[in-house]
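When reading the values below, keep in mind they use all heavy atoms of this one structure, side chains included, and skip hydrogens, waters and symmetry mates. What you see is a predicted model, and the numbers here were worked out from it, not measured in a lab. Numbered from 1 within each chain, the chains take letters A, B, ... in sequence-line order.
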Protein chains: 2
Amino acid sequence: MSDAAYVAVDWGTTSFRLWLISQSGEVLGERRSNEGMTTAMQTGFPQVLASHLSALSAPSGLPVIICGMAGARQGWVEAGYVDVPANLAQVLDGAVRVMGETSDVRILPGLAQRAADKPDVMRGEETQLLGALSADYRSGEQLVCMPGTHSKWVNVANLEVTGFSTFMTGELFDVISKHSILSHAVADAGSFTGDSEAFRTAVSQSYSNPQMATNHLFTVRSGQLLHGLSATDAKAKLSGTMIGLEIAGAHSAASKMAQVVLIASGSLGALYEAAFNALSIDFVTIDADEAVRRGLVAAANAIWH
Amino acid sequence: MSDAAYVAVDWGTTSFRLWLISQSGEVLGERRSNEGMTTAMQTGFPQVLASHLSALSAPSGLPVIICGMAGARQGWVEAGYVDVPANLAQVLDGAVRVMGETSDVRILPGLAQRAADKPDVMRGEETQLLGALSADYRSGEQLVCMPGTHSKWVNVANLEVTGFSTFMTGELFDVISKHSILSHAVADAGSFTGDSEAFRTAVSQSYSNPQMATNHLFTVRSGQLLHGLSATDAKAKLSGTMIGLEIAGAHSAASKMAQVVLIASGSLGALYEAAFNALSIDFVTIDADEAVRRGLVAAANAIWH
């Protein structure tokens, strides 16, 4: 690993991903674990980082660039927020150096929207945005969807973030599945995909009538009582209702000129693609893992050019 | 208690209420406990009933009329459903006798809406409706709101239920308060009333933009991070968001000719009154406890006249 030039880390609430990168931006090694902020608050951020670098036999003293919750108040070192509207390049300028480390460790700031009626924050997604958009979307308007526990929808124009909104879709799906009366309806559910008719119908109904969302959720239960809805269809319907509601909120408020860009990976990305197709919304997909790595590489290049 | 003519019981999922009633409909004694269906499934329905009758020194052999979850499949004896559209008098005809009891014990059926796209059920609320409407609302259209864990909104015309919708408002408020990231925001919250500006603003925002519901929920968190929103205001905002979303769904679909009738009691009733006032929706309130007792009395009179 003697070609290694620096280390890039995406440090989320519950996930940790690290890449060893060469001067030319090539990936020399990779580590993934669940040692997110929540774990690292207990075991120590420097210790988690050191253990993964050691596992890759990385040379000592490499500079490290980090994005995500490691920069939160309860993280390693608070990296603050850049206020929107902001050009994505401003994020690079706001990196905070971790003092007391022998190597040059920097944490990127998040973005904050301080408007009184729509306060919002993100950490990590700004780096995904940078990586996803800076190569192919330097101009024009984009409406960027980054689905997850707290889905982010971001309005971008010429690489400037003009505003964004967080929707609690993934967390609400999880909490309702586990702790509400619907937990009985989805118990023993199998896996489903975006091909599920129950999923697609729920997306469309929720998008068309978002005001009925908490009634649509109850019909997951009553549909099982009266119509024998299967557990798998119940889960698909719950998922589709939450995703359709999110898209109704995010898409209805957006400029119709904006290109919808989905930054996602894996099965969750496939569900959103199916949802957009069910709603006849044009979109392009960018891989989320690749986007955040490219964003970290761009930050490293800017800082240590 | 020798004047007692019969016993009336409202047997919910988590609550039990019993009244000893005279021939003329006068209340001679009352019992309340948390021995709802969930508890009675363990300890036995006949045992729970007997213990409360004994506590009131009720004469043995009195007939008993019951509404609510005691008639569910997992209750004492399944009392089925009357399908809507249905006249409320049909509920009285559907009472099921509990076999094997020495006294005449009858359980009223619920209502079911079997339409493929909006399956729905209620148990207990049909008896509240009967008690609330049969005296003063024998004609005309009403849109009846019965708030709670699973709020019911019922379209009634000339005492016929033409349709209804359940909204999971109370349960979602509870689950989100306890199990989501917002649990931190509402921890240590004090009590609030319908006078709360945070509550009224959230009701209006959610009613006007229901598609933004899960974003409004996130601003409970981000409002605390960026604007120092207090825990009490956070809780009021969460409540107002959920109630405003429910009213948007129920009211937007309803006939504008219908009189809105709120059947509720206590602090929850007061919150809905404040919400309707914030939205300039005309309404009348009927006390929920009184309504269900009057409904049970009407049922007893019809069965044992």
Is [X] in contact with chain A via its backbone, its side chain, both, or neither, using a 4.5 Å heavy-atom distance?
X: Ala115(B); result: backbone
X: Tyr207(B); result: neither
X: Leu245(B); result: both
X: His179(B); result: both

Under a 4.5 Å cutoff for heavy-atom pairs, which residue among Gly223(A), Ser180(A), Pro210(A) has the most contacts with chain B? Ser180(A)
Of the listed residues (Asp120(A), Leu225(A), Thr219(A)), which shares the most heavy-atom pairs with chain B below a 4.5 Å separation? Asp120(A)
Determine the option with the most heavy-atom pairs under 4.5 angstrom with chain A, choosing from Met212(B), His227(B), Gln205(B). His227(B)
I'd like to know which of Ala116(B), Gly244(B), Ala213(B), Ala112(B) tops the heavy-atom pair count under 4.5 Å against chain A.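 Answer, by heavy-atom pair count under 4.5 Å with chain A: Ala116(B).
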Under 4.5 Å from any heavy atom of chain B - which part of Ile247(A): neither
Do Phe167(B) and His150(B) make the cut of ring centroids closer than 6.0 angstrom?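 Centroid distance Phe167(B)-His150(B): not below 6.0 Å, so no.
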Carboxylate-amine/guanidinium contact Lys178(B) Asp174(B), below 4.0 Å: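 Looking at Lys178(B) and Asp174(B), the cut-off is met.
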Please work out whether the ring planes of Phe199(B) and Phe192(B) are parallel, tilted or perpendicular, with thresholds of 30° and 60°.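 Judged by the thresholds at 30° and 60°, the geometry between Phe199(B) and Phe192(B) is tilted.
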Taking every non-hydrogen atom, the tightest pair across Thr127(A) and Leu108(A): OG1-CD1, 3.6 Å
What's the shortest heavy-atom distance between Ala234(A) and Gln224(A), and which atoms? CB-NE2, 4.4 Å
Please lay out, stage by stage, how Glu273(A) and Phe283(A) fare under the test side-chain contact (heavy atoms from CB on, under 4.5 Å). CA-CA 8 Å; Glu273(A) 290 181 337; Phe283(A) 67 97; 3.5 Å; yes
